[in-house]
Structure formats: C-alpha cells, structure tokens
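In what follows, a structure is listed as structure tokens, so that the remarks can point back to it.
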Amino acid sequence: MPASADDTGDLSPQGVGWFRFYFDDGRWEWSEQVQRLHGYEPGAVTPTTELVLSHKHPDDRDQVAATIDSITHTRGALSSRHRIIDTAGTVRWVVVIGDQFFDRRGVAIGTHGFYVDVTPLRHSREDAITTRLGEIADKRAPIEQAKGMLMLVYDLDDNAAFDLLSWLSQKNNIKLRVLAEQIAATLRATATGAIVDKTIFDHALMTAHRLAD
C-alpha cells in the first residue's frame with residue numbers, strides 16, 4: 001500500500017531525524033533533530049531548497065542540487081551521502097535515505113526519509129551502546145546481523161547503524177529485535193541473485209516495518 005505523507009514520525013536517537021520534500025511546491029519539512037543538525041533551534045527556521053543547498057559543502061553542493069532537480073522532475077526518492085556545514089561552521093557527513101510518498105490516488109507527491117549523522121567520532125557513546133546491547137544480550141544476533149547489513153549497504157559505523165535501527169523501532173512502535181529480523185530478511189530478499197540499485201535497498205528499509213507488524 002502506498003505510503004502516506006504522515007508515515008514519518010518523531011525521532012529519538014540523537015544522530016537520526018526525518019525530512020519531507022513536496023515536489024509540486026518545493027516545500028520542505030525537517031524534524032527537530034535535522035534542524036539541530038544544521039545548527040538551528042527547533043522552529044527557528046523554515047527550510048527551503050535554497051536553505052538546504054546553502055548548508056551543503058561546496059564540493060558537494062552541485063551534486064545535491066542536481067539530485068534535487070532530478071527528483072523534482074522524475075518524482076523519485078532523495079538519497080545521498082554528502083557533507084553539510086552547520087551554522088557554527090562545523091562540517092558533518094550525513095547519509096540521506098529516502099523513499100517516495102503518495103496521495104490517495106497513488107500519485108507520488110514527494111520524497112521522505114531520514115538523515116543519519118555519520119560524522120567520524122560524532123559522539124563518544126560506546127558505554128551507552130554497550131549498556132543497551134547488554135540489556136538485549138540474549139536477543140543480540142538478529143540486531144547485530146541487521147546492523148552489519150546497514151553498515152555494508154550504507155557505509156555506516158556501528159553507532160550510526162544502531163541509531164538508525166533504534167529510531168526506526170521507536171518511530172514504528174515495533175520491538176527492535178522483531179524489526180531487525182524483518183529488515184535483514186527484506187534486504188536479503190532484495191539482494192538475491194542480482195546487484196541492484198541502492199534505491200531499492202532504500203525502499204526496502206523504509207517499508208520493512210509494515211511486514212513486521
């Protein structure tokens with residue numbers, strides 16, 4: 001069933017936040033975390049394409065601008081790995097993973113998804129991660145497997161992959177282990193027998209929670 005514009009919810013892990021982009025009017029929506037990622041307090045700014053591009057690293061700006069122009073005309077999904085510069089001048093690496101969303105007629109009206117902050121040494125959180133994993137030690141295998149697949153497909157580090165899984169789990173109100181099992185199964189099925197475009201992985205990741213319900 002097509003995703004609606006309301007599918008994307010609130011975030012919890014600090015390194016992940018959601019976005020939406022509407023094709024017809026070029027309107028953007030950012031979660032509080034994506035606003036903070038760019039250096040803004042929540043509600044302090046209304047994102048526009050001009051603002052989005054103004055935060056891209058000079059070496060990445062043209063690539064991202066071309067991608068936004070392309071998806072606006074093709075009504076495709078926004079996915080990218082690039083650098084942004086926040087209001088304090090700090091350079092951050094982000095992975096943007098997106099999928100289309102649709103109106104009631106099944107027409108693609110925008111792209112939505114999430115930003116993952118993958119800046120090297122972004123946070124010193126090993127103790128917190130260890131604690132979390134210790135609490136689910138007997139259920140660790142599916143989570144570790146899903147983390148490994150995300151690390152491979154999206155070139156994430158261990159913490160960023162765990163943040164992404166945690167965020168998806170909380171956003172969709174699904175137990176982390178159950179979601180991890182479904183994501184692993186979905187990504188395996190997607191990759192079977194062929195090398196596929198990464199956008200297929202993006203769609204599989206964005207929709208795995210529906211199969212886990």
* Asked: Of the non-hydrogen atoms in Met151 and Asp157, which two are nearest, and what is the gap between them?
  -> CG-O, 3.9 Å
* Structure fact -> On a heavy-atom basis, the closest approach of Gly17 and Ser31 is CA-OG, 3.4 Å
* To do: Measure across His38 and Val34 and return the closest heavy-atom pair with its distance rounded to 0.1 Å.
  => ND1-O, 2.8 Å
* Mind checking whether Trp18 and Phe114 have ring centres under 6.0 Å apart? -> no
* Check the pair Asp99 / His203 against side chain to side chain donor-acceptor pair (under 3.5 Å), numbers first and verdict last. => CA-CA 6 Å; Asp99 197 10; His203 176 73; 2.6 Å; yes
* Asked: Does one hydrophobic cluster hold both Leu51 and Ile85, with members joined at side-chain heavy-atom distances below 4.5 Å?
  -> no
* Are the side chain of Thr72 and the backbone N or O of Phe23 linked by a donor-acceptor pair below 3.5 Å? -> no
* Asked: Hey, does the side chain of Gln100 reach the backbone of Arg75 with a donor-acceptor pair shorter than 3.5 angstrom?
  -> yes
* Structure fact -> Rounding to 0.5 Å, atoms CZ (Arg83) and NE2 (His57) come to a distance of 4.0 Å
* Determine the minimum heavy-atom distance between Ala77 and Gly98, stating which atoms define it. => CB-O, 3.6 Å
* Could you check Trp28 against Thr48 for side chain to side chain donor-acceptor pair (under 3.5 Å), going step by step and ending with a plain yes or no? => CA-CA 6 Å; Trp28 291 84; Thr48 63; over 6 Å; no
* To do: With the side chain counted from C-beta on, respond yes when Asp163 and Val116 share a heavy-atom pair under 4.5 Å apart, and no when they do not.
  => no
* Would Val45 end up clustered with Leu53 when hydrophobic side chains under 4.5 Å apart are linked, directly or stepwise? -> yes
* Asked: How about Leu176 and Leu165: do any of their side-chain heavy atoms sit closer than 4.5 Å?
  -> yes
* Flag the pair Leu205 / Leu164 as yes when at least one side-chain heavy-atom distance between them is below 4.5 Å, and no otherwise. => yes
* Asked: Given Leu37 and Asp86, is the side-chain contact (heavy atoms from CB on, under 4.5 Å) satisfied, shown in steps?
  -> CA-CA 7 Å; Leu37 185 65; Asp86 68 16; over 6 Å; no
* To do: Decide side-chain contact (heavy atoms from CB on, under 4.5 Å) for Ser80 and Thr67; before the verdict, give the C-alpha distance in whole Å, the side-chain angles of both, and the deciding distance to 0.1 Å.
  => CA-CA 8 Å; Ser80 178; Thr67 298; 5.5 Å; no
* Any side-chain heavy-atom pair from His82 and Lys56 closer than 4.5 angstrom? -> yes
* Counting distance only, does the side-chain N/O of Gln35 pair as donor-acceptor with the main-chain N or O of Gly43 below 3.5 Å? -> yes
* To do: State, yes or no, whether a side-chain contact exists between Val16 and Asp117 at a heavy-atom distance under 4.5 Å.
  => no
* Asked: Quick one: does Thr119's side chain have a donor or acceptor within less than 3.5 Å of a partner on Trp93's backbone?
  -> yes
* Passes side-chain contact (heavy atoms from CB on, under 4.5 Å), Tyr22 versus Glu29? Steps please. -> CA-CA 9 Å; Tyr22 294 81; Glu29 295 175 0; 3.5 Å; yes
* **Value rounded to 0.5 Å, distance of CZ in Phe162 from CD1 in Ile143** => 6.5 Å
* Asked: Given the rule in the side-chain contact (heavy atoms from CB on, under 4.5 Å) test, do Phe21 and Val52 qualify, once you have shown the distances and angles that lead to the verdict?
  -> CA-CA 11 Å; Phe21 174 66; Val52 168; over 6 Å; no
* Asked: Considering only heavy atoms from C-beta outward, does the side chain of Thr87 approach that of Tyr40 to under 4.5 Å?
  -> yes
* Donor-acceptor under 3.5 Å (Thr111 side chain, Leu78 main chain) -> yes
* Any donor and acceptor pair, going by atom type alone, linking the side chain of Asn172 with main-chain N or O of Ile174 inside 3.5 Å? -> no
* **Close side-chain approach of Val118 and Arg81, heavy atoms under 4.5 Å** => yes
* Structure fact -> dist Ser169:OG -> Leu179:CG (nearest 0.5 Å) comes out at 6.0 Å
* Asked: How long is the gap from CD1 on Ile68 to CD on Gln63, to the nearest 0.5 Å?
  -> 10.5 Å
* Structure fact -> When every non-hydrogen atom of Ala184 is compared with those of Gln145, the smallest separation belongs to CB-OE1, 3.7 Å
* Test item: Ser70 side-chain N/O and Ala66 main-chain N/O as donor-acceptor pair under 3.5 Å -> no
* Asked: Atom CG in Leu168, atom CD in Gln170: separation rounded to 0.5 Å?
  -> 10.0 Å
* Are the side chains of Ile109 and Phe101 in touch, meaning some heavy atoms are under 4.5 Å apart? -> yes
* Structure fact -> Here the pair of heavy atoms bringing Pro142 nearest to Ala180 is O-CB, 3.6 Å
* Structure fact -> Rounding to 0.5 Å, atoms CD1 (Ile84) and CZ (Arg92) come to a distance of 7.0 Å
